[in-house]
Amino acid sequence: MTQQMATPLTADHTHLLHGLNADQQTAVTTIEGPVLVVAGPGSGKTRVLTHRIAYLIEACQVPPERILAVTFTNKAAREMRERIGRLLGDGAAEGLVMGTFHSFGARLLRQNPGLVADRLGILPNFVIYDDADQLAMAKQAIINVGLDPKQVAPRRMLSRISAAKALLLEPAEFEASVETYDDEVVARVYREYQRLLRRSNAVDFDDLLGLPIRLFDEAPSLLERYQERFLHILVDEYQDTNRVQYVLVAALAAKHRNLFVVGDPDQSIYGWRQADIRNILDFEREFPDAKRIHLELNYRSTRRIVEAADLVIRENTQRIDRRLRTENEDGEPIVIQELSDQNHEATWIRDRIARLIQQHGLSPDDFAVMYRTTAQSRVIEQAFRNSSIPYRVVGGVRFYDRKEIKDVLAVLRLLHNPADEVSLSRVIENMPIGRGLGPKAIEAIRSWAVLNGRPLLDGFIALADPSAFADAPDLSGSTKAAAAKLGSLFATLRSDAERLTLSELFDRIVDRTGYEASFDREDEEAMERWANVLELRNDLAEYDVLPPGEALPTYLEQVSLITDIDSLDKANQGGVTLITLHSAKGLEFPVVFIAGVEEGLLPISRAIEMEFSDPMPLEEERRLFYVGITRAQKLLFITCATTRLVYGQYQTSVPSRFLASLPRAETNTRSARLPRARGSTGLIERTRRGSGTSWQSPAIPREEPAPVAAPKPPTPPSYRVGQRVFHPKFGEGVILEVSDRRDDQEVAVMFKRHGQKRLIASLAPLEVLDD
DNA sequence: GAATGCATGGTTTTT
DNA sequence: CCATGCATTC
């Protein structure tokens, strides 16, 4: 074995092992050969990873640039880097390669532009298409092969294509494996989709994983270089990797074989994204000399929470049997609460949070509300909006997914890659500069572009500046003028881009495209959207320090790989976190609410439908619930609604079968409808329900679980209509209305300067001025 | 070719 | 309920 892998020479690396238990220490110091760590939730897996990297660098003298660490999100990578920095001191980990599979793939392609162009036919200025771009492309592909996007769902095509790519099947190979007529349709669409993608000089997310492998196939010496380089490879969240990711990792690790993977099969929740749980279950078969280490001691949660999680996950059949343990205190009972509908659910959660903040000195940051579908976030967000509790929504409509943001980004992308057809269509459809141009015009210019072997945008420029090209697309009249105008604008912007900073470029773009002027200053919503556009300017300005030629590509790369969870700590700091169960993986909070724990939602209806033909999706739903439970450190609340608004109609809901696994003795439950002991199906409606209004959430205040950290609960002040009050932020006001809400009050106050506000009595720092 | 109004159908999760 | 897409109108 190589010299770099020698055992530590100097003795004093105890600080790197300090505070770790025996299993964790083994995981940190077992540095040779393949290692599989099966780590339960809260068992200190991030600590193990960071300490191991620090140990490799400091104790084993492995140069940081020879370590590759793959994480699930960029945020995880960033945090880990910080923690390593703290262990080793600044700069000691300089050169460490750490990021997601996708960012690693993108980086690899960017770093080998010559080979990529030569062997894969992709030019260095390629763009990465996001979900919406891919959808647009799939739709176009369906139309191009003579099918109707209304009958052949683009979404479904995309997921089939993605599945094919996850198995490294190219269109030709997929065609060879066609079995049904539907497969044949997919094959045709896939082929066309891929053709359009390459014509736009674009790659999709799956390509970021698949193309590096193809590149290695085409250029074995490149693979050898990477194999030689990475002495140690670490992979986090290994249970959520797919086939391509496995192939990539196995290829890179083939030489030195120091592959360290960490995961928890019980937290595998990305099967729908082709994550292949076999990667972790079969690790030892793939690497027979692998050492396996189990981390089962939970440091995160109370005993009640850990045991509840264990009981829930035990019901799954497809798993390695093991038992979660903890030495933590019992903690409080888990509260299960049924509410009459989704609005009551939301306000109940909000009010409970308000009370906990008020009575137990907790901060809004300590709370998370989790749900299965993003649609659920709306009502919950609404409830918080009507309160003074700060909150933030993770997921949902992301900043970079907003239409107005994508519009401006489309111009930037087009400047970077003039072949980008999705972005060009976007600009034409949404910006004033596109007026007078339709599909007809684009088609005429495209035929010119294809004939001349030029990117689409050049056709527009040829019309604007006939001297630059031998001929021009065949257009006339107003269409020609409109196309020429767009062409001339882009010619100008392109030269601007070479010398201006991104924020200066931004100013020109919104001015010259007429985009800024298209926002109606009288229209409040339009102004809000314009404010978002200006926010994008701030974002761009962060790259102004880079030289003009470099800033744009760097920025675009960063944007296409960023996710909402990545910006979780950057954007609007503080507040209650509203988050999907999927996004919550890897996070932890003192107090967790899981909302909508109902049949059809968790488990989701699609998993129920196929329960008997394929039980895997249902088991994945259960794992999702398990992930949610195990995010909680101290307090766990689970809610469900009796009726729920679905597509604008109220539907009766049945509490989730998963609740049957929870021990009644350890929970605080009122509803008789909740599934009882294990074994009982628990999903058949057992209680008679009337119109849906017959059931009311208990109005009587119940015994509260004892405080987390127990300061005495101050009595909430009592307010009267007409009282004059003072608020530190809103100033002086008069109480208009007082309404009781369970054990608290809500007051409507008319402030002199800030208008009417609704405040929670116990929360708002109101001072009574006269009585 | 663009603005307005109606019908339709869609919600699982995300790098 | 909502957003999107299409048809109708000018």
Side-chain angles (χ1 to χ4, degrees), chain A residues 70-77 99-106 128-132 134-136 139 148-151 153-156 158-159 162 165-166 203-210 237 240-242 244-245 268-275 342 370-379 382 394-398 400-401 403 428-429 432 434-441 477-479 482 559-566 579-586 596 600-610 617-618 620-621 623-625 627-628 644-651:
Chain A
V70 186
T71 58
F72 195 70
T73 63
N74 292 303
K75 175 173 179 269
T100 62
F101 274 105
H102 293 88
S103 63
F104 174 73
I128 301 165
Y129 271 0
D130 71 11
D131 187 60
Q134 289 177 44
L135 203 60
K139 205 164 161 185
D148 181 358
K150 271 187 296 193
Q151 297 187 1
R155 254 268 92 87
R156 195 174 65 83
L158 216 46
S159 92
S162 179
K165 289 190 176 192
V203 303
D204 63 18
F205 282 123
D206 298 302
D207 287 338
L208 291 177
L209 309 173
E237 308 281 12
D240 285 323
T241 53
N242 65 23
V244 197
Q245 290 166 330
S268 159
I269 54 175
Y270 284 92
W272 52 274
R273 220 172 69 190
Q274 324 309 322
Q342 74 286 339
M370 302 178 184
Y371 34 79
R372 175 66 235 263
T373 67
T374 45
Q376 289 168 260
S377 69
R378 277 192 62 202
V379 237
Q382 195 58 47
V394 181
V397 182
R398 306 176 206 182
Y400 295 104
D401 284 347
K403 182 181 167 296
I428 288 174
E429 278 164 30
R435 291 266 163 80
L437 294 170
K440 258 189 342 192
S478 63
T479 316
V559 163
S560 49
L561 293 175
I562 204 163
T563 64
D564 217 48
I565 192 119
D566 292 335
I579 194 168
T580 62
L581 287 162
H582 279 91
S583 300
K585 190 184 65 166
L601 222 42
L602 187 67
I604 200 92
S605 43
R606 281 172 74 140
I608 298 174
E609 282 161 25
M610 57 173 85
L618 197 72
E620 185 155 306
E621 294 295 305
R623 291 195 291 269
L624 205 44
F625 187 43
V627 165
R644 184 173 289 277
L645 199 59
V646 183
Y647 292 144
Q649 287 210 315
Y650 273 98
Q651 288 183 2

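Lettering follows sequence order; numbering is per chain, from 1. For the numbers below, each heavy atom of this structure counts, side chains included, while hydrogens, waters and symmetry mates do not.
- For the pair A/R606 and B/dT12, the criterion of a side-chain N or O lying under 4.0 Å from OP1 or OP2 is met.
- Atom pair A/R155:CZ and B/dT13:P shows a separation of 10 Å (rounding to whole Å applied).
- Remark: A/A482 pairs with A/L437 by the side chain to side chain contact (heavy atoms under 4.5 Å, CB included) rule, at least two apart or across chains.
- For A/W272 and B/dT13, a side-chain-to-base donor-acceptor distance below 3.5 Å is present, hydrogens and geometry of angles not being considered.
- For A/D207, the salt bridge (charged side-chain N to carboxylate O under 4.0 Å, His left out) partners at least two apart in sequence or on another chain are A/K165, A/R198.
- Comparing A/T479 and A/L624 by the nucleotide of DNA chain B that holds the closest heavy atom to each, the one mapping nearer the 5' end is A/T479.
- One can place CG of A/L561 at 17 Å from P of B/dT14, the figure rounded to the nearest angstrom.
- Comparing C/dT4 with B/dT13, their P atoms sit 16 Å apart, to the nearest whole Å.
- Side-chain atoms of A/D240 come within 3.5 Å of backbone atoms of A/I269 as a donor-acceptor pair (strictly under, hydrogens ignored).
- Phosphate contact (OP1/OP2 of B/dT14, side-chain N/O of A/T580, threshold under 4.0 Å): present.
- Between A/H102 and A/L209 the shortest heavy-atom distance is NE2-CD1, 3.8 Å.
- Protein atom CD of A/E429 is 13 Å distant from nucleotide atom P of B/dA3, rounded to whole Å.
- As judged by a 4.0 angstrom heavy-atom cut-off over every strand, A/F101 is placed among residues making no nucleic acid contact.
- Nearest-nucleotide assignment on DNA chain B puts the 5′-proximal partner with A/L437, out of A/T373 and A/L437.
- Of the candidates B/dT15, B/dT12, B/dA3, B/dA3 carries the atom nearest the A/R435 side chain, counting heavy atoms from C-beta on.
- At whole-Å resolution of the value, CD1 in A/I608 and C1' in B/dT12 are 12 Å apart.
- Atoms CG (A/L158) and C1' (B/dT12) sit 15 Å apart, rounded to a whole Å.
- Rounded to an integer number of Å, the gap from CD of A/E620 to C1' of B/dT13 is 9 Å.
- Take A/E620 and apply the side chain to side chain contact (heavy atoms under 4.5 Å, CB included) test, not counting sequence neighbours, and it matches A/W272, A/R623.
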Listing time: all N or O pairs from protein to nucleotides 2-6 of chain C that are below 3.5 Å?
| unit_1 | atom_1 | unit_2 | atom_2 | d |
| --- | --- | --- | --- | --- |
| C/dG5 | OP1 | A/K139 | NZ | 2.8 |

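- Remark: C1' of B/dT15 and CD of A/Q245 are 8 Å apart, rounded to the nearest angstrom.
- For A/R155, the salt bridge (charged side-chain N to carboxylate O under 4.0 Å, His left out) partners two or more places apart in sequence, or in a different chain, are A/D131.
- Atom C1' of nucleotide C/dC1 and atom OH of A/Y650 are separated by 11 Å, given to the nearest angstrom.
- Among residues two or more places apart in sequence or in another chain, the salt bridge (charged side-chain N to carboxylate O under 4.0 Å, His left out) test is passed with A/E237 by A/K45, A/K585.
- At least one side-chain nitrogen or oxygen of A/S583 sits closer than 4.0 Å to the OP1 or OP2 atom of B/dT14.
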